[in-house]
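Structure first, then comments.
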Amino acid sequence: MGNAFKEESTELAKKTAPADLMIVAKGLTKKYDDFTAVDGIDFQVKRGESFGLLGPNGAGKSTTMKMIGATSLRTGGELTILGKDPNKQGPEIRAHLGVVPQTDNHDNDLKAWENLYIYGRYFGLGRKFLKKKVEELLDFAQLQDKRDVKVDQLSGGMKRRLTIARGLVNEPEILMLDEPTTGLDPQARHILWDRLFRLKEEGVTLVITTHYMDEAEQLCDRLIVMDKGKIMAEGAPADLIKKYSSKEVLEVRFGSSKNAEAAEKLKHLGDRIETLPDRILFYAEDGEKVLKQIHKLGFEPATSLVRRSSLEDVFLRLTGRTLVE
Amino acid sequence: MSLINASIDSAIAIAERRSGKFGAEFYAGRTNAILERAFLAFKTSSWMIVLSGFVEPVFYLLSFGFGLGALIGGVTDGAGNSVSYAAYIAPALLATSAMNGAIYDSTWNVFFKMHFGKLYQTMLATSLGTLDVALGEIGWALLRGLAYAMGFMVIMAPLGLIPSWWGILAIPGAVLVAFGFASIGMGITSYLKNFQQMNWVNFFMLPMFLFSGTFYPLSIYPDWLRMIIEALPLWQAIQLERDLTLGTVGWSTLAHVAYFAVMIVGGLYFTTKRLSALFLR
């Protein structure tokens, strides 16, 4: 059975995955009993690309990541990773992947360097190779001076960097990052982004989930916007913004009790208007111009801010909801 | 320095060696990596816990074997020979400590790693399979069991509690017993959700220890009760070890071995299935 299966999967690989296609999903579905976490999504990830899954909590991003990581079986549709079927060739696929899960799950009984070393041993890598590799990764994660510290004594940012370094121990072709910077302070985030840029330059394919739009804009060449298990839009961040939003956004606040009332009277201004509980958003080519018009109509907002459109606005447009709730 | 390169011994090449082979989806042939991890963690673990597992059966032996044994005198073994009470219960204590060690490792330790350490999720994100994890964790419990068994034998032998040369085989016997209990134990642990449920395990273990012919022959029981006890794994373990240390080896000894062989295979199958159901669903 083994051989027939191998041939069949190679056939499938030829059909669906040319050399530069790392991940191919068609109608990918995951159902838990009567709950559908991922609802028939299609996407492809090319070699060397940085691909993002953007959406709020519960959109199905992590489930999609787990299916790609061959730690969750799909219940419908097709999925190939480098031409292999994760439902049947789990260990083999996982050898190609570096996984950075949403929560750091280090081996707390072990020291920092031992965590990297033993993770490499799980892949069957040789001790000699790993001795060198661990040093490289400690440098990369800027953790050389913490090498002999037990993991539970590391700071949040250090743990996160260790997790990313650990994900690189098998020299993966695809690095999967699930919410890589959630819970980190701004400085730690920027250090991490810098590390990820370096990987991208080296040709590692990145798959990133995030609910931070600035992260998605910074890191992703292309992304899908997910909500309730479905894909709402797909494209490069700049293209999506161009397609679904205006150039600028004016945010004004009148105080939570007055926002709705003011919005009703100002709704003809700009290209489009969104009323949120705490503020009103005016989408326009020129935000300052709209602000002047508001003043002219005799309204005095408590605060006002003109900014560039972001993926947050794209998401709001597509779903009527904000990303971080 | 490059973070990616394709060498012959890459993780991919290693994983693909098993490609298409039977069991490739749940076994990568790398139990040794799990054992290595256990050894790294062991180096910094508390020696008190390790020592306690060794001391417990010795205390039982001193108290019951020599204390109570002085009042009792001798017991008649299966072959009709009279043996000292200490020599009678020593193999039972060996079997019990093998069981206790295996159950402790496969319940408390495994429970913690499953729910708090998230260790298995981490392992199964690599190219390891579920059987690797099960075998590795159980294998470590067995190494510990082996060390305890050897330590206990070192104390028993000079006290004249092992009249037969067959007794040497009681060491691998204890490992076999531990293997059986650990394989089933890990699978059962996968169903337990909290610490209260963990106590159920003790609820079964203690009576099994007290009533499985540990301290007296089963002949005092009515037939129906005797048959129930004889079906329990601890009685099987005690009889196996007793046959070996007292040298009363026969076909029934082999039957006890077979009992554990079945328990091991069944337990591993069960545990591997459960790990897949929990972490790869």
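Order of the sequence lines sets the chain letters (A, B, ...), proteins ahead of strands, with each chain counted from 1. The figures that follow rest on heavy atoms only: side chains count, while hydrogens, waters and symmetry mates do not.
Both the backbone and the side chain of A:L125 come within less than 4.5 Å of a heavy atom in chain B. Neither the backbone nor the side chain of A:R74 comes within contact range of chain B, judged by heavy atoms closer than 4.5 Å. Interface remark: A:N170 contributes backbone and side-chain atoms alike to the contact with chain B (heavy atom separation under 4.5 Å). Contact annotation for A:K66: neither backbone nor side-chain heavy atoms come within less than 4.5 Å of a heavy atom of chain B. If you measure heavy-atom distances from A:K111 to chain B, you find no contacts under 4.5 Å at all. Proximity to chain A (any heavy atom under 4.5 Å) is restricted, for B:A24, to the backbone atoms N, CA, C and O.
Classification of A:K131 and A:E136 as a salt-bridged pair fails, no side-chain N sitting under 4.0 Å from a carboxylate O. Taking a cutoff of 4.0 Å between a charged side-chain nitrogen and a carboxylate oxygen, A:K61 and A:D178 do not qualify as a salt bridge. A salt bridge does not link A:D221 with A:K46: every distance from a Lys NZ or Arg NE/NH1/NH2 to an Asp or Glu carboxylate oxygen is 4.0 Å or more. A salt bridge is absent between A:E135 and A:K132: the closest approach of a Lys/Arg side-chain nitrogen to an acidic carboxylate oxygen does not fall below 4.0 angstrom.
When each of A:V99, A:N108, A:D107 is scored by its heavy-atom pairs under 4.5 Å with chain B, the top score falls to A:D107. The candidate with the highest count of non-hydrogen atom pairs below 4.5 Å against chain A, out of B:D132, B:L124, B:T122, is B:T122.
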**OP:** Under the ring pair (Phe, Tyr, Trp, His ring centres under 6.0 Å) rule, what do B:F26 and B:Y269 come out as? Steps first, then yes or no, please.
**Re:** CA-CA 11 Å; B:F26 57 80; B:Y269 177 78; 8.8 Å; no

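With a 4.5 Å cut-off on side-chain heavy atoms, B:K43 and A:E114 count as touching.
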